[in-house]
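Okay, so here's the structure we're looking at.
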Amino acid sequence: MDIKATVLDILNDLTGSDVSGAMDENLFDSGIMDSMASVQLLLSLQSELGVNVPVSEFERSEWDTPNKIIAKVESLD
Amino acid sequence: MLTFEPYGNPTYFALLGVALLPLMIGLLYGKRSRLYETLISIFFLVLTFGGAKWTQGIALIIYILYEVGLTWGYAVYRKNHNSGPFFYLMVILAIAPLTIVKVTPAVENGQSSLIGFLGISYLTFRAVQTIMETRDGTLKNYNLMTFLQFMLFFPTISSGPIDRYRRFEADYRSVPDREKYLGMLQKGIRYLFVGFLYKFILAYYFGTILMPKLQLMAMHSRGGFLDLSWPLVGYMYAYSADLFFDFAGYSLFAVGTSYIMGIATPMNFKQPWRSPNIKDFWNRWHITLSFWFRDFIYMRLVFWFMKHKVFKKPTTTANVTYIINMLVMGFWHGVTWYYITYGLFHGVALMVNDVWLRYKKKHRQSVPHNHFTQIFAIFLTANLVCFSFLIFSGILDKIWFQ
């Protein structure tokens, strides 16, 4: 499975909402994501894609939309 | 010799203006003189920690040497090793001086510790963060001189904002182009003037004129239910206004001065009184502190709890961590019942806030959302926050126990 689909799956599971229709929506501003969900995202990335992201790498402004998250994961893969 | 509280009086600002002028001209012509920056940093540090406060100055020097030793030592160690217990030991050692300073008054009858100095908390946050990012491997090229500049950056040394090593380093190592610098200069000067309004007019009015009167009235109106009274309610709002304008004013001075020096120190306040809920309030109030707690305590603890599957449900993990996070913040303010209660209050408020947000998400259709509910949410949040500041102010301690 490609990265984009996996990340979207993780996000859907995590937030209970389908974010694929709003790829540039700020997930923190809209209240869909919070710190808790961020950590869950990092753990899922680790277990499902084998991408290791330490907490201090999580600069919120670089991870705040579905598109940015996908780009970030692709750059770390 | 004279000592100055940072940004405390017109003379300080006059000296600041004179000292910054050559630096401004340099930056306008694309030059940054590290030597000159270091010299004025030392000059303002001597103004703050010299003279009658020389014991604080000595404490600062010893503290800095100690933290430099720890962070540098750990950076060297981390190149080839990565032991968990050693990392925890380093964090504990880095926090130890601050812990001693915070606990001493509680066990020594209000006596303050000899090793304390103005700004020790804010320097500890910077050092601990540096160690944690070194562990994670996100901070790879630790540089001793940059770390010293980062710790001793005089505009923010006494009370923040708490910058991050990597962000500071990027600014410090580069020179903004003229257009960008002119923008920073304009912003910086505006911040200083808004700061004057906040700190020397509004905070003065609420804190120096209004608060003592209301406190006296509240003390005289004791005897009712829990000794509560209308003057105490007035005190709650006056104290909250003073706390905001005083600290936001200081922060504007610190950020404004940084901007003039070509360093974009992060902002500390973002219209906190417009928050529709407590969670959002902490994204807008004392931002660099709450984000520090978020990134280096909350998220790390949640990560650890979830990785080791300590709690079954994610909501339990979040709730327990909220309480721990805010209790630590309470203890950090000082070991008194009212600071700790304040922390607990905010921990519980965040928990309740999350329950409500989950409920709202589930029942999107039945929960009304309009202009009126928005205003009501802002009103409720502001009042809850003011109530928490009433606890924080310590006046209840005076009213009930003195």
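Here the structure is a predicted model, which means the values were calculated and not measured. In what follows, every chain begins at residue 1, and chains take the letters A, B, ... in the order their sequences are listed.
- Remark: B:Phe379 CZ is loosely packed, at most 12 non-hydrogen atoms of other residues, nucleotides or ligands lying under 6.0 Å away.
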Here's a test: name every donor-acceptor pair under 3.5 Å between chain A and chain B, with the distance for each.
residue	atom	partner	partner atom	Å
A:Thr15	O	B:Lys361	NZ	3.0
A:Asp34	OD2	B:Lys279	NZ	2.7
A:Ser56	N	B:Asp136	OD2	3.2
A:Ser56	O	B:Arg166	NH2	3.2
A:Ser56	OG	B:Asp136	OD2	2.6
A:Ser56	OG	B:Thr138	OG1	2.7

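- More than 12 non-hydrogen atoms from other residues, nucleotides or ligands lie less than 6.0 angstrom from NZ of A:Lys68.
- Contact of A:Phe28 with chain B is not made at all, since no heavy-atom distance falls under 4.5 Å.
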